[in-house]
Amino acid sequence: MKFDPSSTVVPDEALRQVGQPTPRVDGPRKTTGTAPYAGEWTREWAGESAGGWQDEAPGAAYGWVRGAGIAKGRIAALDLSAARAAPGVLAIVTADNAGALDQAPRNTARLLGGPAIDHYHQAIAVVVATTLEQAREAAALIDVRYEESEAGRFDLAAERTKAPLAGEDACTQAGDFDAAFAAAPVQLDATYTTPDETHAMMEPHATLAAWDGDRLTVWTSTQMVDWCRTDLARTLKMPKEKVRVRSPFIGGGFGGKLFLRADTLLAALAARAAGRPVRVALHRPLMANNTTHRPATIQRIRLGAGRDGRLTAIAHESWSGDQPGGQPETAVNQTRLLYAGANRRTAMYLAEMDLPEGNSMRAPGEAPGMMALEIAMDELAERLGMDPVALRLANDTEVDPEHPERRFTQRRLANCLREGAQRFGWAQRPAQPGLRREGRWAIGWGMAAAFRNHLLMKSAARVRLDAQGRLTVETDMTDIGTGSYTIVAQTAADLLGLPLSQVDVRLGDSDWPVSAGSGGQFGAANATGGVYAACMKLRDMIARRLGVEPVRAEFDGGCVRADGRRFTLTEAVGEDGPLVAEDGIDYDEKLSAQWQHSTYGAHFVEVAVHVDTAEIRVRRMLAVCAAGRILNPITARSQVIGAMTMGVGAALMEELAVDTRRGLFINHDLAGYEVPVHADIPAQEVVFLDEPDTLASPLAAKGLAELGLCGAAAAVANAVCHATGVRVRDYPVTLDKLIAQEPHAA
Ligand code: MOS
């Protein structure tokens with residue numbers, strides 16, 4: 001079904017479940033241990049009445065991945081004899097015996113290295129044994145002799161000058177930036193650096209693979225079932241139809257599970273070699289260097305403004321690095337759309353480097369890009385002697401600043417800023433930094449705008465209504481901890497006029513219709529759009545069977561009413577089995593060409609910085625978000641507070657430390673890579689300006705989750721500056737960067 005804003009949007013009054021704060025429908029399974037995750041899967045919970053646990057891959061063995069011990073070079077000799085002779089070992093797969101492998105286009109570096117090594121901890125072998133301990137023990141016995149290359153490129157600052165533009169469209173211009181900047185009465189020219197970051201999701205990458213003849217099934221943890229299936233088939237040079245991917249429960253992804261990774265490929269190869277199912281989980285210390293990460297950036301921002309605060313010149317340039325053939329961190333993208341200003345330039349430069357592969361991590365591009373831009377805006381406000389909220393309001397725009405004929409579908413940035421300022425008590429903020437004290441603590445307030453695009457993506461589903469009037473939804477959509485099960489159930493319940501208890505949702509199986517998947521905050525709005533399309537088709541079938549006009553049929557309370565007649569849904573199904581409908585939502589390209597679909601917000605943060613130690617404490621955070629209809633305020637709020645927490649991590653803690661000599665991220669575990677915990681953030685408040693955006697999706701919803709991260713880190717950093725008067729431009733803001741400059745008042 002093609003999305004048509006004039007005819008394929010559900011009217012507000014038809015929504016009873018959608019919009020309600022429904023607790024997660026998958027909650028009981030997760031809290032009772034009957035929701036199996038990929039790494040623990042041998043059994044599927046079939047339900048009490050169906051006999052409880054069913055073993056789906058009996059006799060599964062364990063695979064342990066060995067990662068390369070150098071960053072760049074080649075394997076000169078690989079001696080497997082001691083490992084082969086170790087107890088319990090069933091097989092060892094390396095590049096020598098894996099057979100020919102293709103490279104899927106979504107992977108930059110090879111998932112199985114050797115003899116050439118492209119990055120540190122690139123997988124070079126998987127050892128299969130009867131137990132996990134045996135596999136681990138044997139993997140350590142593999143004797144590798146490396147020839148290390150002397151020319152590894154590991155330092156972004158050093159590679160920056162050699163970095164070309166990241167492709168033909170990596171530079172945008174409007175007006176005459178140079179002239180306008182030179183003429184601007186108030187100027188800012190500042191450079192910010194953001195570090196490499198790792199997803200650090202709770203559930204590591206894990207896969208159980210089983211072959212049945214030439215057919216392969218993988219139970220894995222992936223955000224994108226169809227990408228995983230397509231890329232696994234491509235890599236193994238086999239038809240996609242012979243690969244089945246199942247990923248019903250996922251313990252977080254943050255973009256790290258968008259793509260086929262080594263656990264899945266190596267589990268498949270290991271299971272083939274061992275002749276039985278094999279389970280492979282990446283151990284935590286392997287994850288930072290073996291999988292993808294958010295690349296570090298160097299960002300130069302130049303802002304020129306009149307004394308009234310109106311921007312006349314905006315330039316944002318960003319440098320990042322990646323493996324050969326990789327992509328830039330798209331840190332400048334939001335700068336093209338967020339503020340008005342006639343003269344503009346953005347550019348992205350990409351350095352070829354030999355660090356592990358960079359790729360999407362939650363709000364890729366915008367997370368570090370909004371951080372730099374919104375700190376630059378804070379610096380500009382300071383120079384102008386203007387309130388930071390007022391500066392943003394003065395530069396709001398109703399049109400795409402590069403293409404004024406394109407409008408935003410709905411843009412409520414100003415409402416978010418005003419609402420947030422009022423709720424936070426912003427009017428009480430002293431304009432000068434460093435003025436507020438509570439004992440030995442300096443108190444600071446900071447804010448930032450939030451902005452993230454909403455993407456229109458194809459998504460499909462199948463619905464089945466059985467003779468008892470139960471509705472089952474099946475789609476390959478994933479729930480990565482986000483609430484997909486719940487919002488899909490709410491959507492289907494409303495469209496068929498059923499209570500939530502009559503709806504079963506089944507997700508994450510490549511046997512089911514291809515959905516948008518989970519990523520880039522595109523999951524909820526598009527996946528529920530696909531469910532809408534399938535449900536509308538089912539309603540059509542039901543109406544026709546009952547001999548009524550589909551458009552006149554009303555679905556409510558398990559019944560269909562039309563033309564003064566009333567039927568139960570079970571009557572419509574009748575004796576001859578379930579009614580099944582499959583359809584998807586698709587969007588005309590003209591819709592996003594004509595309209596800019598984006599989401600908006602405002603972050604407000606209070607921090608305390610100790611005047612003697614420079615210890616930083618977040619005291620409260622507020623986010624106001626405008627992202628179309630809010631499908632479920634509970635799951636939506638959880639998404640936003642999770643993202644805000646990640647913003648605190650980016651501002652104050654998270655950093656993969658690069659060993660620029662040996663080319664690896666040193667702090668590759670959760671002891672060395674710090675992320676915020678509950679105790680770090682005592683109060684988080686989220687407010688939604690819930691307003692349907694009927695140009696965005698059938699439920700008038702837009703993406704939401706990543707919005708909570710975009711700008712959050714800037715608000716924290718701006719608050720630290722307001723507390724101390726010290727501006728740190730090299731992130732994260734850690735106390736060592738503050739303490740030397742902080743005024744230590746007596
Ligand atoms: Mo998104 S980059 O898949 O968190």
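Heavy-atom basis, side chains included; hydrogens, waters and symmetry copies ignored. In listed order, ligands and their atoms are each counted from 1. What you are looking at is a predicted structure, and each value in this text was computed from that prediction instead of being measured.
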What atoms in ligand 1 come closer than 4.0 Å to a heavy atom of [X]?
X	result
E706	1 (Mo), 2 (S), 4 (O)
G519	1 (Mo), 3 (O)
Q223	3 (O)
P364	2 (S)
G520	1 (Mo), 3 (O)
L258	3 (O)
R362	2 (S), 4 (O)

So is there a nitrogen or oxygen of S360 less than 3.5 Å from a nitrogen or oxygen in ligand 1?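 Between S360 and ligand 1, no N or O pair is found under 3.5 Å apart.
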In terms of the angle between their ring planes, are Y192 and Y731 parallel, tilted or perpendicular, with boundaries placed at 30° and 60°?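 Parallel, since the angle between the ring planes stays under 30°.
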Do T528 and T491 meet the criterion of a side-chain donor-acceptor pair at a distance under 3.5 Å?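 Not at all, the side chains of T528 and T491 share no donor-acceptor pair under 3.5 Å.
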Polar contact flag, side-chain donor to acceptor under 3.5 angstrom, N667-E655: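 Side chains of N667 and E655: no pair found under 3.5 Å.
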Identify whether the distance between the nearest side-chain nitrogen and carboxylate oxygen of R336 and D400 falls below 4.0 Å.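 Between D400 and R336 there is no salt bridge, as every charged N stays at least 4.0 Å from the carboxylate O atoms.
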E329 and R294 ion-paired at < 4.0 Å: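 Yes, this pair counts.
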Does M361 approach ligand 1 within less than 4.0 angstrom via side chain, backbone, both or neither, non-hydrogen atoms only?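 Only the backbone of M361 comes within reach of ligand 1.
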Could you check if a side-chain atom of L656 sits within less than 4.5 angstrom of a side-chain atom of Y673, using non-hydrogen atoms only?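 Yes. Closest side-chain heavy atoms under 4.5 Å.
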For R160, salt bridge (Lys or Arg N to Asp or Glu O under 4.0 Å) partners two or more places apart: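 Testing R160 for salt bridge (Lys or Arg N to Asp or Glu O under 4.0 Å), a comparison that skips the adjacent residues, returns none.
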